[in-house]
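All chains are named by letter (A, B, ...) in the order of the sequence lines, taking the proteins before the strands, and each is independently numbered beginning at 1.
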Protein chains: 2
Amino acid sequence: MDGGSQTTARQTFDQNGRAVGRRGLQTRQRLLEATAELLREQGMRDLRVVDVARAVGTSPATFYQYFKDVREAILRLSEQAAEEMPDIVNLIDGPWRGQSGLKTARAVVDAVIRHWDTHEAVLRVRNLSADEGDPRFRRVVRDALSPLVDRLSAEIRRAQGAGRVSPDVSAAAAAASLVAMLERMASYHAQLENRGVTHSKLVETCARILFQTVTGRSAP
Amino acid sequence: MDGGSQTTARQTFDQNGRAVGRRGLQTRQRLLEATAELLREQGMRDLRVVDVARAVGTSPATFYQYFKDVREAILRLSEQAAEEMPDIVNLIDGPWRGQSGLKTARAVVDAVIRHWDTHEAVLRVRNLSADEGDPRFRRVVRDALSPLVDRLSAEIRRAQGAGRVSPDVSAAAAAASLVAMLERMASYHAQLENRGVTHSKLVETCARILFQTVTGRSAP
DNA sequence: TAGAAATCTGATGATATGTCAGATTCAAAA
DNA sequence: TTTTGAATCTGACATATCATCAGATTTCTA
């Protein structure tokens, strides 16, 4: 037993280490939302604390009350976005055989794309920051993706056990490659759709690559 | 005939539209290299013009003589990095059947990883900027990748013609997915290798996904 | 409703940006 | 070699952001 209530809303602290109350949480959240919005509109490099503050009708000092800097705000947004991941992971736990396996693959592709459509700007910066070596962001990325990777990896090992996937393949690397593909395509799909690839064709194609690589079988 | 010399060194202009001479080109190039170096060390968000200037032993004003802002410098670096792409494209034009096809796939994977190892920081920011909608960066990305995508796409259509790849797959989407996977894995491989996936296993795995998806055949 | 706790902000010193006029360097012509 | 003017560089500056803190304001609690 952990003694907590069902949804253990973690305590939040400000920059002075003091617990934040109801009003403060609300301000903080509005700052986060403005950050996400401006990230979408202006991109990472031109995001200014002043603009975030102005958008919320407050002063920069208020921003710094809750966040060390812009990076930290984006880190928190990344954590909030990651809360959606369990829904995607649940899909992976569906069947991977035959017709319904392909359906599982489609559902996963679709869910990842939807996740990215919702959090595009934040996830992009999250991944960049992780790639640039920031350990806090690496952790968020790992926590968000490893359940996915691990599940796919296990499924691939199963297919290897059945002799349908070559032992020369590393299940972990293959799973990571698939997730890499899904993420990158999710962030890229709008541009492809501008070039004449329909959304459903794109989903179908990714789903089939996913299915094929996970199961070692050609899609039905 | 185009009437130009073999290596048509394009004229370079400064911010006032004046042509840049030998000494200027050298300064400009040193500024670019310092930018790349600092991008590697400090990441995109913390890259300061002052630091770049200091690193070259010159003043910020000199930087602004050659570049409108940091973004433009990174754009030029992206263009320089893209000059390596023909070498990679040549590899794709190798054979795609049987044992030697897998070899082709391996060579491509390896080349993409090497390309990223060399230009990591620049390519990351290039892709982010393109994703954020900057048309100049979108163009650089497209120019760099479309030869790859087009070649793979053509190869996939061939496999579709032979009935080995489902007509439900979009060749363009599949090719884009593969390139997406290759790029993301190239930027991520060091982290995977820290987690116990050896480099050669990783290359082999990506190569097999590539081979399978392009040819519709299981790797030999 | 007084007093305390929580929250917000004006003011500020430090640092970065981006521009321009003028100083410096260089190479070719005299 | 010296002169000359084009190319290159930079000091100085006006503007803007960062990041902090002391103190004002609001909200909560007893």
Side-chain angles (χ1 to χ4, degrees), chain A residues 9-35 37-39 41-76 125 129 134 136, chain B residues 9-35 37-39 41-76 125 129 134 136:
Chain A
R10 278 250 155 276
Q11 273 279 47
T12 304
F13 301 91
D14 69 10
Q15 281 320 95
N16 303 315
R18 277 196 282 272
V20 176
R22 191 158 47 80
R23 182 164 63 125
L25 277 179
Q26 194 175 295
T27 304
R28 198 187 101 111
Q29 188 58 31
R30 267 193 284 130
L31 285 167
L32 283 176
E33 276 153 23
T35 302
E37 171 69 10
L38 288 172
L39 207 54
E41 289 171 5
Q42 317 208 320
M44 170 196 207
R45 173 111 193 148
D46 303 320
L47 182 59
R48 300 269 166 273
V49 171
V50 195
D51 297 330
V52 175
R54 226 192 319 267
V56 176
T58 183
S59 76
T62 302
F63 182 95
Y64 288 108
Q65 175 115 28
Y66 297 106
F67 310 104
K68 189 177 158 297
D69 52 25
V70 172
R71 288 200 101 90
E72 185 180 321
I74 299 176
L75 181 68
R76 300 303 162 220
V125 175
S129 302
D134 187 317
R136 299 170 305 167
Chain B
R10 278 248 155 278
Q11 272 279 46
T12 304
F13 300 92
D14 69 9
Q15 280 320 94
N16 303 314
R18 279 197 279 273
V20 177
R22 192 159 46 81
R23 183 163 61 125
L25 277 179
Q26 194 175 295
T27 303
R28 198 186 101 111
Q29 189 57 32
R30 267 193 283 131
L31 286 166
L32 283 176
E33 276 153 23
T35 302
E37 171 68 10
L38 288 173
L39 207 54
E41 288 173 6
Q42 316 208 319
M44 169 195 208
R45 173 112 193 147
D46 302 321
L47 181 58
R48 300 269 169 275
V49 171
V50 197
D51 298 330
V52 175
R54 228 191 318 265
V56 176
T58 183
S59 76
T62 301
F63 182 95
Y64 288 109
Q65 175 116 29
Y66 296 105
F67 310 104
K68 190 177 158 294
D69 52 24
V70 172
R71 287 201 102 90
E72 185 180 321
I74 299 176
L75 181 68
R76 299 304 162 218
V125 175
S129 302
D134 186 316
R136 300 171 304 168

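Separating the CZ atom in B/Arg76 from the CZ atom in B/Arg136 is a distance of 7.5 Å, to the nearest 0.5 Å.
For the segment residues 14-21 of chain A, the set of residues with a heavy atom within less than 4.0 Å of an atom of DNA chain D is empty. DNA chain C is contacted by B/Ala61, B/Tyr64 of residues 55-72 of chain B, taking any non-hydrogen atom closer than 4.0 Å.
The residue B/Arg22 sits close only to the backbone: its heavy atoms come under 4.0 Å of sugar-phosphate atoms, none of a base.
By the ring-ring contact (aromatic ring centres under 6.0 Å, His included) test, B/Tyr66 pairs with no residue at all, sequence neighbours left out. For B/Arg71, the side-chain hydrogen bond (donor to acceptor under 3.5 Å, both in side chains) partners are B/Ser129, not counting sequence neighbours. Legend: residues meeting side-chain hydrogen bond (donor to acceptor under 3.5 Å, both in side chains) with B/Thr62, ordered by chain and number and at least two apart, are B/Thr58. Looking at residues two or more places apart in sequence or on another chain, you find no salt bridge (charged side-chain N to carboxylate O under 4.0 Å, His left out) involving B/Arg45. Among residues two or more places apart in sequence or in another chain, the ring-ring contact (aromatic ring centres under 6.0 Å, His included) test is passed with B/Tyr64 by none. In this structure, the salt bridge (charged side-chain N to carboxylate O under 4.0 Å, His left out) partners of B/Glu37, at least two apart in sequence or on a different chain, are B/Arg40. The salt bridge (charged side-chain N to carboxylate O under 4.0 Å, His left out) test applied to B/Arg48 returns no partner, not counting sequence neighbours. Applying the salt bridge (charged side-chain N to carboxylate O under 4.0 Å, His left out) criterion to B/Arg54, with sequence neighbours excluded, gives B/Asp51.
A nucleotide of DNA chain D counts as in contact with chain A when one of its atoms lies under 4.0 Å from a heavy atom; the first and last such, 5' to 3', are D/dT17 to D/dC28.
Within the structure, the salt bridge (Lys or Arg N to Asp or Glu O under 4.0 Å) test picks out no pair touching residues 16-28 of chain A (sequence neighbours left out).
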